[in-house]
2 protein chains.
Amino acid sequence: MAANSQFSIAVHVLAMVAGKSDERVKSEYLAKSVNTNPVVIRRLLCSLQEAKLVVSHVGACGGTALARKPEEIKLSEVYKAVSRGEVFALHPNKPNEDCPVGKNIEAILCGLQKEIDKTIECKLGEYTLRDVIEMVAHPA
Amino acid sequence: MAANSQFSIAVHVLAMVAGKSDERVKSEYLAKSVNTNPVVIRRLLCSLQEAKLVVSHVGACGGTALARKPEEIKLSEVYKAVSRGEVFALHPNKPNEDCPVGKNIEAILCGLQKEIDKTIECKLGEYTLRDVIEMVAHPA
DNA sequence: CATAACTGTAACAAGTATAGTTACAAATCA
DNA sequence: TGATTTGTAACTATACTTGTTACAGTTATG
């Protein structure tokens, strides 16, 4: 799979954690719902914790809880927290500088890339985790 | 790199082809500017041809030309022609159906994915190949 | 018609990214 | 102290992407 599924898993996991607001949720429990390995979940939770979307606790009775209320967690924040790639990548090889197109195209594409990123962020900013929870509860 | 660089290369290549509107451009020439192998370029040109953005000719004096004027080629079309991935992937493993979140999350994420795709397409539809050519000619 | 110049495409190699797995140190609670 | 849980390193397996070689088929031209 080219694109990254981290965002999908993150939304899934956050919805689960939000659903158990009175307790700390364990990575093993989350892993069962996502159908993957607990370590995969923990790695993801580390990113979400860095972004201050969740708080995890080590040790017995440890686990993860939301750092804020679901209505205060925008999906754009989730996206930024876990997505490493961009919508399209710049070509890894340096274009030929002797060619007028090759010389300037990188900067143009880079600018376009940033614009697209901003567009996505804006769109995802329209939704909060609360919206997701409600959609889960009341499927269309 | 997670994301795909096909779009970047495609824009680069199309700008080159547009710059030589009076002749057929050869894959080897394009490969030199992009700094890659001619076969990589030809593979890409096949996708662009399927999308009716360029026309390639086999044989001696063969090569590629635009199928339409640059101002009639929207970057959204280029994107659709070459991008295989999505902004974010759904998790490949089937979520646990016994969990209310796992059961419904896929459909929600899928809908969100489509919405994002539409947003990107819309944004890229604001630019044509002509805009790119002008940016190449007059770097900001 | 023979030849040279192209594309289209198959087949394979190499590099890279992602996901999954095991293992274990460190922290925490009872 | 012992059980539990996260954080993280290390490794494997898989799959994707790019690059490369090779060659069949097509076309212009002397």
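Letters A, B, ... mirror the listed sequences (proteins, then strands); counts begin at 1.
Across the interface with DNA chain C, nearest-nucleotide mapping of A:V40 and B:A60 shows B:A60 to be the residue nearer the 5′ end. Judged by closest nucleotide on DNA chain D, A:C61 is the one of A:C46 and A:C61 placed further toward the 5' end. Nearest-nucleotide assignment on DNA chain C puts the 5′-proximal partner with A:I9, out of A:I9 and A:V58.
Between the CZ atom of A:R43 and the P atom of C:dA19 there is a distance of 9 Å, rounded to whole Å. Residue B:L44 contributes atom CG, which lies 13 Å from atom C1' of D:dT18 at whole-angstrom precision. The distance between atom CG of B:L48 and atom P of C:dG8, rounded to the nearest whole Å, is 11 Å. For A:E50 and D:dT6, the CD to P distance is 17 Å, given to the nearest whole Å. If you measure from atom CZ of B:F7 to atom P of D:dT17, you get 17 Å, rounded to the nearest angstrom. Following rounding to the nearest Å, B:I41 (CD1) and C:dG8 (P) show an atom-to-atom distance of 12 Å. To the nearest angstrom, P of C:dT18 lies 16 Å from CG of B:N93.
Remark: A:R130 does not engage A:E72 in a salt bridge, criterion side-chain N to carboxylate O under 4.0 Å. A salt bridge links B:R68 with B:E77: at least one charged nitrogen is closer than 4.0 Å to a carboxylate oxygen. The existence of a salt bridge linking A:E28 and A:R42 is excluded, since no basic side-chain nitrogen approaches an acidic carboxylate oxygen closer than 4.0 Å.
Distance from the side chain of A:H91 is smallest for D:dG19 among the nucleotides C:dA19, D:dT4, D:dG19. Checked against C:dA19, D:dT5, D:dA22, the side chain of B:V39 finds its nearest nucleotide in D:dA22. Closest approach to the A:S56 side chain among D:dT8, D:dT6, D:dG25 is made by D:dT6 (side chain taken as heavy atoms from C-beta onward).
No donor-acceptor pair closer than 3.5 Å links the side chain of B:Q113 to the backbone N or O of B:V87. Formation of a donor-acceptor pair under 3.5 Å by the B:N35 side chain with backbone atoms of A:N93 is not found in this model.
Taking a 6.0 Å sphere around NZ of A:K74, one finds it holds 12 or fewer heavy atoms contributed by other residues, nucleotides or ligands.
B:I73 is not listed as a side-chain neighbour of B:T128, based on a closest heavy-atom distance of 4.5 Å or more.
Near DNA chain D, meaning a heavy atom under 4.0 Å from it, residues 17-38 of chain A has A:V25, A:K26, A:S27 in order of number.
In this model, the phosphate group of C:dT7 is not approached by any side-chain N or O of B:Q49 to a distance below 4.0 Å at OP1 or OP2.
A donor N or O paired with an acceptor N or O is not found under 3.5 Å between the base of D:dT21 and the side-chain atoms of B:R42.
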